[in-house]
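Here's the structure we're looking at; comments come further down.
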Amino acid sequence: RGIRKERQPISRLADEAPDTAAAARALDWLGDLRRGDGDREGARAAYAGGYRSRDPEGHRLGARGLGDLAVEDGRFVRGEALYREARAGATGVLALELDQKIANARRAHRRALAEWASWALVAAALAYFLARSRLWQRPRLGLPTEVLYVVPVYALLVIGCLARDPPVLHALWLCALWSLALITAAGLAARR
């Protein structure tokens, strides 16, 4: 409650004195507070208010905030563009921060492209092995022996990660399932 009461004067300042440096900085601060609370739409509205400001510093801070939201949403190119816009007139610590954010957004974009390329490669390999296995032909093939060896290993890895780090558990599930699919398809193709 105390925090919400403190935010009311910030919003009031932004409403009563639009296009001033104080209002733009207040909107940036309000956006940071809302983003910290998980209110992404409220943060977006506050940053957008600063972004529309005629005050150059407020515009820069609004662009930085909108860039942060874009990068968090996985829109790395848009985030980098907003960071570059904010960087145009920035000096001092803000300029250094924006340089780092630009580099991180570019790196995250390359990483996302590599991830999509990896998924495409896995899908292509799976399709290739399934086509080579000719599952539709007789005689029907049984489960490859390789699967019987890897299932207990994958199960132990996943069980060992339970109640630990959720992103690691998610990654283990993905790797285990897709690896098991590839091993099964490759084993069936080899039998045929």
Side-chain angles (χ1 to χ4, degrees), residues 1-4 7 30-47 64-83 96-192:
R1 270 189 185 178
I3 293 174
R4 286 204 174 113
R7 290 183 191 169
L30 183 61
D32 289 345
L33 289 173
R34 287 181 175 166
R35 190 169 133 224
D37 286 346
D39 179 11
R40 296 181 58 76
E41 289 310 311
R44 191 176 320 279
Y47 291 140
R64 179 190 64 178
L66 290 173
D68 288 343
L69 290 174
V71 167
E72 288 171 6
D73 291 341
R75 297 177 312 144
F76 305 113
V77 174
R78 176 69 179 143
E80 183 182 349
L82 285 164
Y83 291 149
L96 293 173
E97 176 191 347
L98 289 167
D99 287 340
Q100 289 177 346
K101 287 180 182 270
I102 289 167
N104 289 339
R106 188 178 300 132
R107 188 176 17 245
H109 183 243
R110 284 194 307 264
R111 191 175 301 139
L113 291 176
E115 179 185 353
W116 282 106
S118 299
W119 282 115
L121 179 65
V122 167
L126 189 58
Y128 171 76
F129 287 133
L130 287 175
R132 292 271 322 241
S133 71
R134 297 186 302 275
L135 286 174
W136 56 91
Q137 290 183 346
R138 294 199 180 261
R140 299 276 184 225
L141 300 174
L143 196 63
T145 308
E146 298 91 337
V147 174
L148 300 175
Y149 288 104
V150 297
V151 166
V153 173
Y154 289 164
L156 286 173
L157 286 171
V158 170
I159 289 170
C161 188
L162 288 176
R164 304 260 172 138
D165 192 10
V168 172
L169 181 63
H170 180 74
L172 277 174
W173 273 112
L174 279 176
C175 288
L177 291 176
W178 283 98
S179 174
L180 189 60
L182 283 171
I183 290 169
T184 303
L188 291 173
R191 279 189 178 184
R192 190 62 79 183

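All values derive from a computational prediction rather than experimental measurement. Along the sequence shown, residues carry numbers from 1.
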#### Entry: Tyr149 versus Val153, closest heavy-atom pair with distance
O-CG2, 3.6 Å
### Glu80 versus Ala105, closest heavy-atom pair with distance
CB-CB, 4.1 Å
### Message
Which heavy atom of Leu82 sits nearest to which heavy atom of Gly67, and what is that distance?
### Response
CD1-N, 3.6 Å
### Message
Just verifying a value: how many Å separate Arg64 CZ and Leu69 CG, rounded to the nearest 0.5 Å?
### Response
11.5 Å
### Query
Would you say His170 and Leu174 make side-chain contact, with heavy atoms under 4.5 Å?
yes
#### Entry: Exercise: identify the closest heavy-atom pair between Phe76 and Ala112
CE1-CB, 3.8 Å
### Message
Using side chain to side chain contact (heavy atoms under 4.5 Å, CB included), reason through His109 and Arg106 one step at a time and then give a plain yes or no.
### Response
CA-CA 5 Å; His109 183 243; Arg106 188 178 300 132; 5.7 Å; no
### Message
If I compare all heavy atoms of Val71 with all of Gly79, which pair ends up nearest, and what's the gap?
### Response
CG2-CA, 4.0 Å
#### Entry: Point-to-point distance, once rounded to the nearest 0.5 Å, from SG of Cys175 to CG of Leu180
12.5 Å
### Message
To the nearest 0.5 Å, what is the distance between CG on Leu169 and CG on Leu157?
### Response
11.0 Å
### Side-chain donor or acceptor of Arg35 paired with backbone N/O of Ala43 under 3.5 Å
no
### Message
For Trp173, is the CH2 atom crowded, meaning more than 12 foreign heavy atoms sit under 6.0 Å from it?
### Response
no
### Task
Answer yes or no: is there a side-chain heavy-atom contact under 4.5 Å between Pro144 and Val147?
yes
### Message
For a 4.5 angstrom cut-off between non-hydrogen side-chain atoms, does Arg34 reach Glu41?
### Response
no
### Query
At their closest point, which heavy atom of Arg132 faces which heavy atom of Ala189, and how far apart are they?
CB-CB, 3.8 Å
### Message
Under a 3.5 Å threshold, yes or no: a donor from one side chain and an acceptor from the other, between Asp68 and Tyr83?
### Response
yes
#### Entry: Backbone of Asp32 reached by a side-chain donor or acceptor of Tyr47 within 3.5 Å
yes
#### Entry: CG on Leu98 to CG on Asn104, rounded to 0.5 Å
11.5 Å
### Task
Taking the side chain as every heavy atom from C-beta outward, state whether Leu126 and Trp178 have any atom pair closer than 4.5 Å.
yes
#### Entry: Which residues share a side chain to side chain contact (heavy atoms under 4.5 Å, CB included) with Ser118, sequence neighbours left out
none
### Message
Salt bridge or not between Lys101 and Glu97? Use side-chain N to carboxylate O under 4.0 Å.
### Response
yes
### Query
CD1/Ile183 to CG/Leu188 distance, rounded to the nearest 0.5 angstrom?
12.0 Å
### Contacts of Arg75 that satisfy side chain to side chain contact (heavy atoms under 4.5 Å, CB included) - sequence neighbours left out
Arg44, Ala70, Asp73, Arg78
